[in-house]
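The structure appears below as structure tokens.
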Amino acid sequence: MTGDGRLERLNGMLRRRGFLLPAFEIHGGAKGLYDFGPVGGRMRSRVNQRWLDHWLQLGNVVELSCPTVTPYGVLEASGHVGEFSDFMTECTTCGEASRADTLLEGHHANPDALKRDELQALLTAVNPTCPSCNDRAWTTITAQNLMFNTTIGAGDSGRAGFLRPETAQGMFTSFNALHRHFRERLPFGAMQVGKGYRNEIAPRQGMIRLREFNMAELEYFIDPEAELTDDLTPWDGRPMHLLSDMEEPAVMTLFEACKKELIRHPTVARFMGITHDFLVDVGIDPARIRFRQHEQDEMAHYAMDCWDAEIQGSYGWVECVGIAHRGCYDLESHEKATGKTLRARREFDEPRTTVIDGWTINGSTVGPTFKGLAGQVKTAVEALPKDTSFPCKITLGNDEVVEIGQEHVKPNQQTIKETGEWYIPHVIEPAFGIDRIIWHVIDHAYHETEKNGEHYTLMRLASCIAPVDYAVFPLFEKDGMGDLAWNLHQQLCGKPGIVSMYDASGSIGRRYARADEIGTPQCLTVDHQTLEDGTVTVRNRDTGEQVRIHPDTLLA
RNA sequence: GCGAGCGUAGUGUAGUGGUUAUCACCGGGCGUUGCCAACGCCUGAACCCGGGUUCGAGUCCCGGCGCUCGCACCA
């Protein structure tokens with residue numbers, strides 16, 4: 001943290017110049033909600049686009065856009081309803097609210113995992129003392145959900161739902177469409193930039209903890225048994241700062257980290273490299289990036305391994321990207337909840353033949369004899385060795401013992417040929433907090449210097465994400481310079497992807513200063529010479545150097 | 001959610017119950033100026049919201065909202 005007021009001055013500038021502003025401020029504001037203003041809005045969309053372009057380079061990923069309004073069942077299946085709720089109870093004597101599971105620690109191995117009814121029953125049975133006033137008078141527990149509740153549809157026909165806490169689930173539920181799109185060939189990925197919502201109990205620290213935030217996620221589906229071909233050589237020359245859960249902080253290449261099994265999957269390592277490239281590309285200082293591995297107990301409910309990219313800024317080290325190996329958790333969960341198949345097929349090198357030579361049931365006798373148990377009898381009989389002699393007693397799956405006679409069984413001999421198998425793909429997920437990244441881009445780009453003995457601030461933003469590409473100034477708005485400058489400005493704005501800003505107010509120095517403050521890489525000034533030969537001066541933000549060019553070279 | 005502190009123009013601020021709320025930067029207009037926050041004149045803009053105490057509240061009290069910090073929480 002900087003104690004010299006830099007953060008305050010930076011925040012003031014961001015508000016003044018229209019990067020970031022508290023949302024709905026004239027109504028008193030709303031915690032954890034921010035506007036990207038007239039300058040920040042453009043920057044946000046450029047970072048989003050840059051992110052998409054960056055991952056599209058993989059060549060086997062597509063972009064999706066799924067709804068933010070999500071039915072209850074989807075997030076119940078994904079585990080969010082369970083994991084994202086805290087059950088609260090209030091002491092009727094002193095009014096102190098407590099988490100029910102916290103009160104019951106020591107009375108159950110893992111109270112956090114209990115369902116609402118179970119937790120209520122345990123609370124009633126134990127009736128713990130209030131940590132605040134030592135009384136024992138608790139209200140009925142209520143679910144305090146970190147997801148925003150909503151109702152899809154009106155009145156009694158309305159269906160419970162939530163605003164999504166991550167973009168991922170829509171991509172999992174679309175798996176079959178993706179699988180078809182990619183001609184049923186893995187690996188492939190789906191990605192999405194969009195809003196996510198978490199009803200944080202206490203949003204803090206500006207852009208770091210938001211209730212509505214911009215996220216960008218890629219779900220990359222892989223065959224867990226396929227040979228791994230991830231190439232880590234592009235990062236051989238760039239050792240990364242790694243904090244693993246095993247060892248002391250280390251600086252080593254991704255290749256080395258994989259070899260030492262600090263990083264447990266090479267695709268995770270490759271995505272760490274790609275993530276690093278992205279962060280540097282949009283202007284994060286590489287010296288202030290590190291990767292930290294999650295401890296086993298802090299891992300999300302779905303993850304097998306997880307590395308956060310952390311960026312150092314005014315709030316210390318902040319996790320801005322999570323790269324998680326989610327295993328088959330998500331697809332399997334949605335399969336279980338829906339009964340639908342979310343699988344890919346893996347062909348065997350050689351067809352596999354299985355020879356079955358044993359017993360099966362004679363349906364016409366087992367059915368009438370065992371009635372409802374017939375299914376379990378079938379399973380048990382088919383597990384019997386071929387040399388079994390009947391009658392014999394067998395134990396069913398429910399521990400019941402039944403006697404099977406010769407009349408209940410018949411020989412089962414068949415050869416089954418399988419050319420492949422269906423499996424649940426595994427998922428590697430890089431998940432980016434775009435707001436946090438934008439915050440750190442700004443934080444790292446913001447420079448306070450002195451110019452002619454006065455304070456001077458400028459943003460050294462990467463030109464690929466700068467909110468304004470060119471600022472166009474007439475030296476004076478007279479002798480036709482104003483018209484020429486305005487024309488140039490309009491022509492520049494006509495170029496796809498280019499934003500120009502026209503500014504004719506104040507002295508030329510003041511206009512340069514304004515452009516520098518929002519990180520405009522180049523300023524074009526129309527002056528008297530422009531009237532003669534059409535050239536303009538181009539002034540570089542970081543060096544202040546000026547060269548004369550003909551604007552056609554920019555408009556080509 | 002608990003506790004403490006805070007909330008005045010776009011930004012940063014002054015203001016300890018009493019005229020028309022201070023100052024600077026800032027924004028806009030005009031003039032001047034031949035390229036780095038120049039100058040002159042003019043001008044714009046605020047007491048977070050609601051209630052109370054008081055003859056009178058930016059100032060004191062209560063509640064709400066927001067901000068900061070600590071605790072708690074946190075993929």
Side-chain angles (χ1 to χ4, degrees), chain A residues 1 5 7-18 21-33 37 78-80 83-84 86 88 90 94-99 102 131-132 144 146-147 165-166 168 196 198-206 208-211 215 217 294 297-303 306 308 318-319 321-324 326 429 431 433 450-458 471 473-479 481 503-517 523-531 536-541 543-546 548:
Chain A
M1 274 236 198
L7 183 56
E8 287 69 23
R9 289 191 299 277
L10 172 55
N11 276 322
M13 189 278 284
L14 294 175
R15 293 178 62 153
R16 185 160 36 79
R17 299 308 309 276
L21 310 119
F24 311 118
E25 208 184 8
I26 63 167
H27 282 276
K31 230 176 186 177
L33 301 176
S78 69
H80 287 87
E83 293 294 324
F84 254 55
D86 291 331
M88 305 298 291
E90 206 168 297
C94 70
E96 175 89 359
S98 300
R99 280 177 57 169
T102 308
S132 175
Q144 195 84 23
L146 289 174
M147 295 189 289
E166 60 174 22
R198 294 178 195 180
N199 203 357
E200 295 284 353
I201 294 167
R204 289 278 171 85
Q205 299 178 311
I208 306 299
R209 292 271 293 284
L210 297 170
R211 287 195 164 123
M215 52 199 324
E217 296 183 305
H294 280 206
D297 59 359
E298 79 172 293
M299 209 100 77
H301 58 279
Y302 49 71
C306 187
D308 282 343
V318 174
E319 51 182 280
V321 184
I323 300 163
R326 296 172 76 126
E429 178 202 73
E450 278 206 359
K451 193 165 181 175
N452 303 329
E454 291 195 58
H455 292 292
Y456 197 86
T457 65
L458 77 162
F473 310 143
L475 193 53
F476 303 105
E477 255 182 336
K478 64 179 187 185
D479 302 336
M481 287 185 279
D503 191 352
S505 96
S507 71
I508 193 75
R510 175 175 298 272
R511 286 178 263 165
Y512 284 139
R514 279 196 286 239
D516 286 345
E517 200 173 32
C523 297
L524 309 178
T525 302
V526 169
D527 56 21
H528 294 88
Q529 194 179 330
T530 313
L531 299 172
V536 298
T537 62
V538 180
R539 178 260 197 188
N540 179 286
R541 176 192 68 205
T543 63
E545 284 172 12
Q546 292 187 15
R548 286 204 84 83

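We name chains A, B, ... by the order of the sequence lines, and we start the count at 1 in each one.
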- Given the rule in the salt bridge (Lys or Arg N to Asp or Glu O under 4.0 Å) test, do Glu166(A) and Arg326(A) qualify, once you have shown the distances and angles that lead to the verdict? CA-CA 14 Å; Glu166(A) 60 174 22; Arg326(A) 296 172 76 126; 3.3 Å; yes
key: Inter-nucleotide C1' distance (rU43(B), rG34(B)), Å rounded   = 28 Å
The reported gap from CE in Met481(A) to CG in Leu475(A) (rounded to nearest 0.5 angstrom) is 5.5 Å
Anything under 3.5 Å between a protein N or O and an N or O of nucleotides 11-15 of chain B, put it in a table, one pair a line.
residue, atom, partner, partner atom, Å
rU11(B), OP1, Arg15(A), NE, 3.3
rU11(B), OP1, Arg15(A), NH2, 3.0

Discussion item. Taking atom types as they are modelled, would you say the side chain of Lys31(A) forms a donor-acceptor pair with the base of rC67(B) within the 3.5 Å cutoff?
Written reply: no
### Task
Taking atom P in both rU13(B) and rG7(B), compute the distance separating them and give it to the nearest angstrom.
10 Å
Between CE of Met481(A) and C1' of rU33(B) the distance, given in whole Å, is 11 Å
- Please state the P separation for the pair rC67(B) and rG12(B) - nearest whole angstrom. 15 Å
How would you label the contact of Gly29(A) with the nucleic acid (heavy atoms, under 4.0 Å): base, sugar-phosphate, or nothing?
-> sugar-phosphate
One should read off an interatomic distance between Leu524(A) CG and Gln546(A) CD, to the nearest 0.5 angstrom, of 11.0 Å
ask   = Is there a side-chain polar atom (N or O) of Ser507(A) under 4.0 Å from OP1 or OP2 of rA38(B)?
value = yes
Practice problem: Scan Pro165(A) against the nucleic acid and name what it touches under 4.0 Å (heavy atoms): base, sugar-phosphate only, or nothing. | Solution: base
Between Tyr456(A) and Ala513(A) the two heavy atoms that sit nearest each other are OH-CA, 3.2 Å
Arg511(A) CZ to rC36(B) C1', in whole Å, measures 11 Å
Query raised in the report: Run the side chain to side chain contact (heavy atoms under 4.5 Å, CB included) check on His455(A) and Arg9(A) step by step: do they pass?
Result: CA-CA 12 Å; His455(A) 292 292; Arg9(A) 289 191 299 277; over 6 Å; no
Across every strand shown, the nucleotide meeting Watson-Crick or G-U wobble geometry with rC36(B) (both distances under 3.5 Å) is none
Output for pair (Glu429(A) CD, Glu217(A) CD), nearest 0.5 Å, gives 4.5 Å
Hits for salt bridge (Lys or Arg N to Asp or Glu O under 4.0 Å) against Arg17(A), two or more places apart or cross-chain, chain-then-number order -> Glu517(A)
Rounded to whole Å, the CD1-C1' distance (Ile208(A) to rC67(B)) equals 16 Å
On RNA chain B, more 5' by nearest nucleotide between Gly32(A) and Val526(A) is Val526(A)
Taking rA9(B) as the reference, what is the distance to rG58(B) when you measure between their C1' atoms (whole Å, please)? 14 Å
Donor-acceptor pair (no angle test) under 3.5 Å: Arg510(A) side chain, rC36(B) base
no
Mate of rG44(B) across any strand shown (Watson-Crick or G-U wobble, both atom pairs under 3.5 Å) is rC26(B)
Do His528(A) and Asp479(A) come close enough that some side-chain heavy atom pair is under 4.5 Å? yes
Between CG of Leu33(A) and C1' of rC65(B) the distance, given in whole Å, is 13 Å
Rounded to whole Å, CZ of Arg548(A) lies from P of rG34(B) at a distance of 16 Å
Q. Taking everything shown except Glu545(A) itself, do over 12 heavy atoms lie less than 6.0 Å from its CD?
A. no
The side-chain contact (heavy atoms from CB on, under 4.5 Å) partners of Gln529(A) (sequence neighbours excluded) come to Asp527(A), Asp533(A), Thr535(A), Arg548(A)
What does the list of N/O pairs under 3.5 Å between the protein and nucleotides 41-50 of chain B look like, with a distance for each?
none

Query raised in the report: Distance between the P atoms of rC6(B) and rG15(B), in whole angstroms?
Result: 14 Å
Produce the list of close N/O pairs, under 3.5 Å, pairing protein atoms with atoms of nucleotides 28-32 of chain B; give distances to one decimal.
residue, atom, partner, partner atom, Å
rG28(B), OP1, Ser505(A), OG, 3.3
rG28(B), OP2, Ser505(A), OG, 3.1

Distance col, row Leu210(A):CG vs Gln205(A):CD, nearest 0.5 angstrom, shows 11.0 Å
The answer to which of His528(A) and Met215(A) contacts RNA chain B further toward the 5' end, by nearest nucleotide, is His528(A)
side-chain contact (heavy atoms from CB on, under 4.5 Å) filter on Ser505(A), not counting sequence neighbours, yields Asp503(A), Arg514(A)
Separation between CG (Leu21(A)) and CG (Asn11(A)), nearest 0.5 Å, reads 11.0 Å
Note to self: I'd like the C1' distance from rG63(B) over to rG44(B), given in whole Å.
What the structure shows: 35 Å
Separation of rC35(B) atom C1' from Leu475(A) atom CG, nearest Å, is 6 Å
Rounded to whole Å, the CZ-P distance (Arg17(A) to rA37(B)) equals 15 Å
*asked:* Give me the distance, rounded to whole Å, that separates rC61(B) from rU54(B) when you measure between the P atoms they each carry.
replied: 16 Å
Rounded to the nearest 0.5 Å, the NE2 atom of His294(A) sits from the CD1 atom of Ile323(A) at a distance of 10.0 Å
When rounded to whole Å, the CG to P distance for the pair Asp527(A) and rC35(B) reads 10 Å
#### Entry: Between rC42(B) and rC55(B) - P atom distance, rounded Å
43 Å
Side-chain contact check for Ala513(A): nearest option of rC36(B), rA37(B), rC74(B) is rA37(B)
Checking N1-N3 plus N6-O4 or O6-N4 for Watson-Crick, or N1-O2 and O6-N3 for wobble, each under 3.5 Å, the partner of rC67(B) is rG5(B)
